[in-house]
Structure formats: C-alpha cells, structure tokens
Amino acid sequence: MTTPTVPTTDAYAADDPTGFTSLESGVRSYSRAWPVVFDRARGASVFAEDGTEYLDFFAGAGSLNYGHNEPRLKKVLLDYLADDRMVHSLDMLTTARRDFLETFESTILRPRGLDHKVAFPGPGGANAVEAALKLARKVTGRESVINFTNAFHGMTLGALSVTGSSMKRGGAGVPLVHATPMPYDDYFDGDIPDFVYLERLLQDGGSGLNEPAAVIVETVQGEGGINAARAEWLRGLADLCRRHEILLIVDDIQMGCGRTGGFFSFEEAGIVPDIVCLSKSISGYGLPMALTLVRPELDIWEPGEHNGTFRGFAPAFATAAEAIRTYWSDDALERATLAKGALVESHLNTIVARYAGHGLVSKGRGLARGLQLADGDLAGRVAEQAFARGLLVETSGPSGEVVKLLPPLTITEDELRRGLAILDEAIAVVLP
Ligand SMILES: *Cc1c(COP(=O)(O)O)cnc(C)c1O
C-alpha cells in the first residue's frame with residue numbers, strides 16, 4: 001500500500017490528469033472529484049492503478065452494501081458463469097430467477113408480512129421508478145403525482161419530473177409535468193405542523209391541485225442531503241394517503257437493502273407502502289438489477305405493457321439470492337449496522353461540538369450519515385482533503401453542502417474508525 005498524495009489538480013479542473021477527456025463525454029461527474037484510475041477493490045477498499053489504497057465511504061452510492069467483491073457472492077457468480085448457466089433471458093423463466101423469487105419471498109417479504117408481487121422493470125433504479133409511476137397512474141386513472149422537496153428519483157423523464165434538483169431537471173429539455181412538490185419532513189424547521197398544506201390543498205376544491213395518483217417518497221433523502229424523515233412523519237404520510245386514496249410509493253433504491261438497519265428503510269415506521277422501488281444493492285455485488293414491488297391487487301398490467309431487454313440478467317439474480325441467504329437469514333447484519341451507525345453518529349456529534357459556531361449539523365439514520373457544513377464549497381473541500389488522505393466521500397444536498405458517509409455495511413469497526421480519523425484531519429484543514 002502506498003500513501004496517497006495530495007492531488008495537484010483542482011478536483012473539478014477542466015484538464016484531466018487521467019487522459020480520459022479526449023474519449024469520454026463531459027457528462028462524467030464522480031471522476032472529476034476523484035481524478036485517479038481505479039483498478040481493484042475488496043471489501044471497503046479500492047485501489048488505484050498505482051496501488052494507492054482508498055477507504056470507500058461511498059460504496060457505489062449505496063450499491064455495495066456488502067462491500068466490493070464479497071467473497072461468497074463472487075464464488076456464486078464465478079460458478080454460475082463457469083457452468084454455462086443462462087446469462088441473458090429477457091423475462092423467460094430461469095432457474096436463477098426462480099431461486100431469487102423464492103428466496104426473496106421466504107426470507108424478505110413473508111417474515112415482514114408483505115405479500116407484494118415482484119416486477120423486474122429493467123436494470124437500473126430509474127426503471128423501477130418509471131414502472132412505479134406508470135402503474136400508479138394506470139391503477140388510479142389519475143395523472144398527477146406528489147413528490148417532495150429535495151427528492152431524487154432518477155434521470156429519466158418520469159423520474160426526473162419527481163426529482164427536486166434544478167440542475168438535474170434542467171437537463172430534461174422538455175417540460176417536466178404531472179408532479180407537484182410538497183415540503184419534506186422538517187422543511188420549515190418544525191415551525192409548521194406536518195401535512196397542513198398538503199391536507200388543505202387536497203380538501204379544497206379550489207386549490208388547483210389535481211387529485212394525485214400517488215405520493216413518492218424516500219425515507220431518507222440520500223442525494224438530497226441525508227435528510228431523514230421521522231417515523232411519525234412517515235406514518236402521518238401513510239395515513240394521509242390512505243384517507244385520500246392516494247397510492248404510497250417508497251423509493252428504497254438507496255436506503256433499502258439494510259442501509260438504515262432493517263432490510264427496508266420503512267420497516268421502522270411500521271408502514272406498508274403500496275409500491276416499493278429497489279435497486280442499487282439488491283444484486284449484492286454491484287450488478288445491475290432493479291425491482292418494483294406492488295401490492296397484489298394493484299398488479300393489473302397487461303403482459304408486456306411494461307417491457308425491457310435487460311429484465312432477466314440472471315447472474316444478478318444468483319448473487320442477489322446468495323446475498324439474501326448470507327445476510328438476511330438472521331438479524332446480525334441489522335444489529336451491526338445500527339451499532340456502526342451509532343458509532344458514526346456520536347463521532348459526527350463530537351465534530352459538531354468541536355466546531356461550535358461553524359453551523360455544522362449531524363444528520364442521518366442507520367449507516368447513512370451526513371455532516372452538513374455551512375456551504376457547498378466547504379463540504380467540497382472537506383471531501384477533497386479526505387480524498388488526498390485516502391478516503392472516498394461524496395457530497396450531497398441542494399448545494400452539495402453535506403459530506404455524505406455511506407460505507408459498506410460490512411466494513412470493520414477498525415476501518416470505520418480509520419475513515420472517521422481521516423475525516424477529522426480533513427475538517428481540521430478546512431475549518432479554521
Ligand atoms: C440512485 C437512485 C435512483 C436512480 O437509480 P439509477 O440506477 O441511477 O437509475 C432513484 N432513486 C434513488 C433514491 C436513488 O438513490
């Protein structure tokens with residue numbers, strides 16, 4: 001292992017020391033913050049081609065909850081390929097698909113009292129969101145959807161229409177319609193009771209708000225700045241949806257698969273969404289895979305009405321089933337995640353106290369944690385200094401003001417403490 005050196009380039013400089021700029025579109029983003037060429041990865045570590053090791057507190061934006069190249073999952077994947085098992089299958093019946101569906105039903109859904117049907121909407125998270133929105137509109141015959149401030153649901157037009165970020169919305173090139181944003185939990189710093197505005201608009205025939213087909217919500221807004229909704233807010237939202245016959249869609253793409261402790265991030269609140277979107281860590285190995293879970297009575301699609309070529313990437317089914325068997329047959333991972341989350345939370349609280357007067361805020365739930373700085377420039381510099389010391393952390397929030405900590409759930413306590421120590425050093429450099 002070589003020690004990382006402070007990069008000589010500005011992280012967002014136009015000139016690119018890696019030599020990719022002449023080949024690849026300028027739409028690249030993560031590579032600008034981390035201008036090195038990565039080669040190998042194992043557990044919570046990634047290695048640049050020169051051998052430099054980085055601790056990964058980014059984890060594929062939550063796609064690598066079980067770490068990089070998890071050995072048990074890797075063996076399943078290698079055996080699967082070595083045995084000439086089906087790789088591409090559209091939605092044809094395969095042994096891998098059956099094994100995944102049965103394992104998911106018996107180990108995830110049934111123990112939680114859920115009887116949702118599983119739809120494979122396509123390989124990515126946005127596919128799961130598009131399918132959810134389409135089905136909600138088909139079931140209710142209504143067009144409009146309620147989304148929340150600072151939400152992120154993906155980059156395709158439907159998903160973008162329920163996403164908050166003005167920068168991302170601006171890329172659409174067409175009007176983004178049929179969605180109405182409402183304040184997320186604590187948007188007014190607790191000054192206004194939950195849902196007064198939404199409830200009033202729904203009751204008032206003169207409000208101009210069309211009856212919504214659905215509400216789409218993240219229990220913790222990952223891209224929006226690690227904003228964690230309170231359990232009672234989520235229960236209030238579920239209750240409001242039920243009273244107004246609005247479908248409740250939980251986008252659990254980033255916060256599901258154990259990120260907040262339980263397999264689903266909404267378990268803690270005790271709510272049952274009508275539709276659930278999963279992707280990111282569902283394959284367990286970073287392979288593309290997504291699910292849209294729908295209550296059985298809502299499953300009114302005609303065969304092929306929502307279709308796609310990559311809805312049967314069977315190697316992902318194989319690793320997904322093994323990940324569920326390995327990590328979700330008991331509550332060991334859940335308990336470990338909550339313990340590690342508490343460790344990070346108390347560490348962040350210590351930082352906030354140490355820099356009283358700098359307006360720092362410690363945020364999050366489970367092992368989705370954030371440290372909010374006064375502005376995006378400061379948070380960006382903390383992430384840059386962390387990178388220079390061998391730690392990958394992303395920033396999120398409307399102006400990138402939150403340093404986001406999303407380590408693999410399987411990270412060791414030692415690695416976790418090592419990463420937090422690097423974060424301390426980075427903050428000490430940036431904050432006077
Ligand atoms: C990442 C993400 C998406 C989009 O998933 P893609 O695979 O990038 O299309 C949607 N919703 C949430 C909450 C996400 O974190």
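Indexing begins at 1, ligand by ligand and atom by atom, following the structure's order.
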At a 4.0 Å threshold, what atoms of ligand 1 neighbour a non-hydrogen atom of Asp251? 10 (C), 11 (N), 12 (C), 13 (C)

I'd like to check whether Gly125 has a polar contact with ligand 1, where a contact means an N/O of the residue lying under 3.5 Å from an N/O of the ligand. yes

Checking heavy-atom distances from atom 15 (O) of ligand 1 to each of Lys280, Met155, Glu218, the winner is Lys280

Can you give me the closest heavy-atom contact between Glu268 and Arg235, atom names plus distance? O-NH1, 4.2 Å

Determine, counting only non-hydrogen atoms of the protein, whether one lies under 4.0 angstrom from atom 7 (O) of ligand 1. yes

Show which atoms of ligand 1 fall inside a sub-4.0 Å distance from at least one heavy-atom site of His153. 10 (C), 11 (N)

What protein heavy atom is closest to atom 3 (C) of ligand 1, reported as residue, atom name and distance in Å? Phe152 CE2, 3.7 Å

Would you mind checking which non-hydrogen protein atom is closest to atom 9 (O) of ligand 1, with the distance to 0.1 Å? Ala126 N, 2.8 Å

Can you sort out which atoms of ligand 1 are near Gly124, meaning under 4.0 Å from one of its heavy atoms? 7 (O)

Step-by-step ring-ring contact (aromatic ring centres under 6.0 Å, His included) determination, Tyr54 to Trp34: CA-CA 11 Å; Tyr54 295 87; Trp34 301 319; 8.7 Å; no

Aromatic Tyr66 / basic Arg72 pairing, under 6.0 angstrom, 45° off normal: no

Look at the rings of Phe264 and Phe104 and say which category their plane angle falls in: under 30° parallel, 30 to 60° tilted, over 60° perpendicular. perpendicular

NZ or CZ of Arg40 within 45° of Phe47 ring axis and under 6.0 Å: yes

Considering all heavy atoms of both residues, which atom of Gly62 and which atom of Ser281 are nearest to each other, and what is their separation? O-OG, 2.7 Å

Does Glu223, backbone or side chain, put an N or O under 3.5 Å from an N or O of ligand 1? no

Given Met255, His153, Glu223, the one that forms side chain to side chain contact (heavy atoms under 4.5 Å, CB included) with Glu218: His153

